[in-house]
Asker: 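One structure, pasted below without further comment.
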Amino acid sequence: MAAPLRRSLPSLGRTLLSPSPAPARMLSAAASDALVEIKPGEIGMVSGIPEEHLRRKVVIYSPARTASQQGSGKVGRWKINFVSTQKWENPLMGWTSTGDPYANVGEAGLTFDSADSAKAFAEKHGWDYVVRKRHTPLLKAKSYAENFKWRGPPKAEQA
Amino acid sequence: MCLVEVEKSPKPVASCAMPALPGMKIKTNTPVAKKAREGVMEFLLMNHPLDCPICDQGGECDLQDQSMAFGADRGRFTEMKRSVVDKNLGPLVKTVMTRCIQCTRCVRFASEVAGVQDLGMLGRGSGEEIGTYVEKLMTSELSGNVIDICPVGALTSKPFAFKARNWELKGTETIDVTDAVGSNIRVDSRGPEVMRIVPRLNEDINEEWISDKTRFCYDGLKRQRLNDPMIRGTDGRFKAVTWRDALAVVAEVLQQVKPEEITGVAGKLSDAESMMALKDFVNKMGSDKVLCEGNGPSPPADLRSNYLMNTSIAGLEKADVFLLVGTQPRVEAAMVNARIRKTVRATQAKVAYIGPPTDFNYDHEHLGTGPQTLVEIAEGRHPFCSTLQSAKNPVIIAGAGLFDREDQDALFSTIETVAKKFNVVRPDWNGLNVLLLHAAQAAALDLGLVANPTESIKSTKFLYLMGADDVDLDKVPDDAFVVYQGHHGDKAVYRANVILPSSAFSEKEGTYENTEGCTQWTIPAVPTVGDARDDWKILRALSEVAGAQLPYDSLSGVRDRISMVAPNLVHVDEREPCTISSEVKPPVKQQVSSTPFKTVVENFYMTDAITRASKIMAQCSATLLKK
Ligand code: SF4
Ligand code: FES
């Protein structure tokens with residue numbers, strides 16, 4: 001706990017308007033004691049995030065099931081999409097470069113159990129967020145035996 | 001995999017087919033159950049080739065998952081594996097039939113959802129294979145879905161074959177704009193390139209399918225793109241210029257024309273933000289001639305119920321009689337057609353159709369080709385009236401193609417008479433629907449882009465085409481100055497004097513309203529090409545250069561402005577039904593003409609700038625539409 005805190009200290013002077021080291025104390029307090037309230041955007045400011053990324057627009061969504069797989073293990077999690085499209089292809093090698101430090105964070109690095117915890121996270125970092133509705137399948141009661149049920153004399157075949 | 005051990009049962013039981021009974025003791029995790037599953041897995045893998053490393057399904061394969069979870073750690077099969085000849089199913093679906101595990105999901109999908117009897121199971125035992133019996137292409141507008149359906153890599157996407165592995169792709173959940181349904185999709189991109197499009201579940205709109213046009217139009221996003229602002233020189237050739245120069249030229253021309261000679265036309269793929277900006281800009285310049293293509297000479301914009309699918313797409317499932325007037329849902333909105341078909345299959349609902357002869361993939365009754373039949377029904381002289389009379393939840397669907405007819409008002413009032421007569425609109429059921437054609441239409445009508453196209457284009461001196469390629473360019477006066485703002489070098493570019501490049505739906509944030517009135521957003525997946533900008537930003541910049549600055553300069557600013565004009569467009573992911581009934585209409589004096597209805601969408605695969613630029617769609621039209 002102490003080491004990352006110390007590392008973030010030098011950036012404090014740059015990003016915070018108040019010169020006192022009070023926020024640093026508050027951060028360590030927040031980690032151990034939930035009574036201290038974290039104001040929106042505060043974590044972003046003390047975590048050394050470059051200023052231009054402090055106000056970002058993000059989309060909070062719950063990824064749909066992959067169309068070609070039936071497994072539901074990964075369904076129901078929440079992700080943050082940083083709407084990052086600053087990308088270009090290296091003309092020599094064809095590698096993709098990006099100018100956005102968050103380009104790969106949302107997809108790979110952040111997963112939340114609920115929309116609320118994703119919201120809280122975005123708020124702490126001072127991001128502007130929209131939450132997209134999660135679509136769930138409509139389950140109908142079906143039984144295998146039903147396929148063989150007698151439904152009266154056969155009607156004209158449906159195409 | 002569903003084998004479980006049931007106490008007192010000598011053999012493991014297939015849980016998917018066995019109803020649970022009271023007092024049954026089921027064990028899902030015993031050595032017996034595990035061993036039984038391992039055995040099943042071994043049989044499945046017996047004839048399945050070991051080519052996961054070169055298989056396009058690798059990484060998102062159900063069989064891989066299952067064998068990881070239930071399979072053994074080694075194989076005991078040393079004999080020759082069986083091999084099967086690949087089938088040719090057309091330009092979209094690639095087959096590697098040796099990989100098939102005979103689950104018959106593709107057969108069931110084709111016959112139950114897509115409604116084509118193309119696929120079937122041939123032979124038996126180890127000679128069993130999936131095929132079309134005689135060499136035949138799969139001619140369904142939903143055929144791409146068998147790629148997702150297939151649990152192994154037997155059916156994969158032909159255009160995507162060996163292009164990327166799926167773990168390299170970044171998925172962006174957005175929506176489709178190639179028709180008015182607004183299917184939910186995921187755009188998979190690698191770096192700055194869209195690699196494929198797959199469906200995403202939304203029970204209210206597209207369930208879990210998408211049409212082939214939606215799925216395979218993406219290669220159009222890379223072709224024929226407009227990169228730089230361009231001005232047509234005196235020699236008739238385009239020259240790339242900077243944004244500053246291009247906007248200055250446009251602004252200068254704008255100063256010279258009279259306000260009422262300015263016309264703005266929004267294209268069929270426009271989002272609500274850009275249409276709002278276009279309308280505000282043209283109005284600010286002193287003209288009220290803004291319109292959206294496809295909405296006809298006098299758009300029915302007064303009441304939202306006049307141009308929306310009031311029953312909602314999912315609501316169609318409750319209907320028991322359909323009357324389709326001048327619409328061919330199979331080509332106009334494949335997902336709506338799938339819904340109708342689902343209803344017909346499940347409840348034996350009746351479908352009647354008035355319009356030119358066309359393909360249906362369910363039983364239907366062709367009542368006639370022209371409005372005369374409609375009038376007969378309205379007057380109660382038609383034999384179909386008795387069916388309508390006895391229907392509990394009748395649905396009338398009118399095509400948006402009717403908007404283009406001279407006798408539009410009379411037609412719609414006839415349809416309303418039918419609706420009133422047969423109790424189609426009741427407090428608990430609204431069965432009066434319009435099926436729109438383009439993604440932009442509903443939002444354009446909400447925002448009031450309702451000028452008359454023929455009149456405004458004939459007299460114009462300054463024509464602003466925002467992605468509008470299907471306006472009648474012959475009618476544009478020769479001395480008119482045409483600005484084309486769009487993402488593709490399509491038809492209208494030939495007439496343009498200035499080209500302003502904009503971003504396509506996969507590259508911008510935009511609001512779209514689908515045919516049932518559900519507002520949805522696109523989310524950018526990839527960067528735009530070249531120097532292109534978002535549509536509304538271009539208009540905002542131009543307005544400043546032209547001295548009529550628009551009062552917003554951020555996306556939220558535009559959305560605030562939209563919320564003043566049409567509040568329903570800011571409630572995302574929500575369907576806002578129209579609450580006012582259509583009782584309060586002035587009487588119509590027009591006469592219904594006897595011209596038969598026309599086919600509106602001639603080529604399902606090519607309807608807009610993106611699909612017309614797509615090579616895959618061109619192949620589809622060449623091979624699949626051949627009669
Ligand atoms: S869905 Fe795939 S594995 Fe199943 S029968 Fe069809 S081709 Fe074979
Ligand atoms: S899932 Fe039960 S037999 Fe396959």
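Chain letters run A, B, ... following the sequence lines, proteins first and then strands; every chain starts at 1.
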Asker: Does A:Lys133 come within less than 4.0 Å of B:Glu574, counting only side-chain N to carboxylate O?
Answerer: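 Answer for the salt bridge query: no.
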Asker: State the NZ-OG distance between B:Lys170 and A:Ser84, to the nearest 0.5 angstrom.
Answerer: 6.0 Å
Asker: Does CG belonging to A:Asp113 count more than 12 external heavy atoms closer than 6.0 Å?
Answerer: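 Not more than 12 within 6.0 Å, no.
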Asker: Begin with the C-alpha distance, continue with both residues' side-chain angles, and end with the deciding distance and a verdict on side chain to side chain contact (heavy atoms under 4.5 Å, CB included) for A:Val130 and B:Trp521.
Answerer: CA-CA 11 Å; A:Val130 262; B:Trp521 279 349; 3.8 Å; yes
Asker: Looking only at non-hydrogen atoms, find the nearest pair between B:Pro192 and A:Trp88 and report the distance.
Answerer: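 Result for this residue pair: CG-C, 4.5 Å.
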Asker: Is there a side-chain contact between A:Ser68 and B:Ile147 (heavy atoms, below 4.5 Å)?
Answerer: no
Asker: Can you tell me which of A:Glu89, A:Lys57, A:Gln70 forms the most heavy-atom pairs within a distance under 4.5 Å of chain B?
Answerer: A:Gln70
Asker: Measure from the side-chain N and O atoms of B:Glu203 to the backbone N and O of A:Pro137, and report whether any donor-acceptor pair falls under 3.5 Å.
Answerer: no
Asker: Could you look at B:Leu555 and say if it's the side chain, the backbone, both or neither that has a heavy atom under 4.5 Å from chain A?
Answerer: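 Side chain of B:Leu555 only, per the 4.5 Å heavy-atom cut-off to chain A.
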Asker: Give, as side chain, backbone, both or neither, the part of B:Glu507 having an atom under 4.5 angstrom from any heavy atom of chain A.
Answerer: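 Neither part, no heavy atoms under 4.5 Å.
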Asker: Please classify the contact between B:Pro199 and chain A as side chain, backbone, both or neither, with a heavy-atom cut-off of under 4.5 Å.
Answerer: both
Asker: For B:Gln64 and A:Gln69, run side chain to side chain contact (heavy atoms under 4.5 Å, CB included): C-alpha distance rounded to whole Å, both residues' side-chain angles, the deciding distance at 0.1 Å, then the answer.
Answerer: CA-CA 10 Å; B:Gln64 276 184 336; A:Gln69 279 176 300; over 6 Å; no
Asker: At a heavy-atom separation under 4.5 Å, does B:Val526 approach chain A through its side chain, its backbone, both, or neither?
Answerer: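 Just its backbone gets close to chain A.
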Asker: Closest heavy-atom contact between B:Lys342 and A:Lys140?
Answerer: NZ-NZ, 4.0 Å
Asker: Let me confirm one number: the CZ-CG distance from A:Arg65 to B:Leu201, rounded to the nearest 0.5 Å.
Answerer: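 Nearest 0.5 Å value for the CZ-CG distance: 7.0 Å.
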Asker: What's the separation between atom OH in A:Tyr61 and atom OG1 in B:Thr174, rounded to the nearest 0.5 Å?
Answerer: 11.5 Å
Asker: Examine whether an atom of B:Asn166 lies under 4.5 Å from a heavy atom of chain A, and if so say whether it belongs to the side chain, the backbone or both; otherwise answer neither.
Answerer: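 Neither part.
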Asker: Given a strict heavy-atom distance threshold of 4.5 Å, which part of A:Ala67 is in contact with chain B: side chain, backbone, both, or neither?
Answerer: both
Asker: Just verifying a value: how many Å separate B:Arg186 CZ and A:Thr66 OG1, rounded to the nearest 0.5 Å?
Answerer: 5.5 Å
Asker: Whether the side chain of B:Glu173 engages the backbone of A:Ala64 through a donor-acceptor N/O pair (distance < 3.5 Å, no angle test) should be reported.
Answerer: yes
Asker: Side chain from CB out, backbone as N, CA, C, O: work out which of these in B:Ala69 comes under 4.5 Å of a heavy atom of chain A, or both, or neither.
Answerer: neither
Asker: Tell me, for B:Asp65 versus chain A, whether the close heavy atoms (under 4.5 Å) come from the side chain, the backbone, both or neither.
Answerer: side chain
Asker: Name the region of B:Glu207, side chain, backbone, both or neither, that has any atom closer than 4.5 Å to a heavy atom of chain A.
Answerer: neither
Asker: Side chain, backbone, both or neither: which part of A:Thr85 has a heavy atom under 4.5 Å from chain B?
Answerer: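 Both backbone and side chain.
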Asker: Is the NZ atom of B:Lys318 crowded by more than 12 outside heavy atoms at less than 6.0 Å?
Answerer: no
Asker: So for A:Thr136, is it side chain, backbone, both, or neither that comes closer than 4.5 Å to the heavy atoms of chain B?
Answerer: backbone
Asker: Tell me whether the count of non-hydrogen atoms from other residues, nucleotides or ligands lying under 6.0 Å of NZ in B:Lys350 goes above 12.
Answerer: no
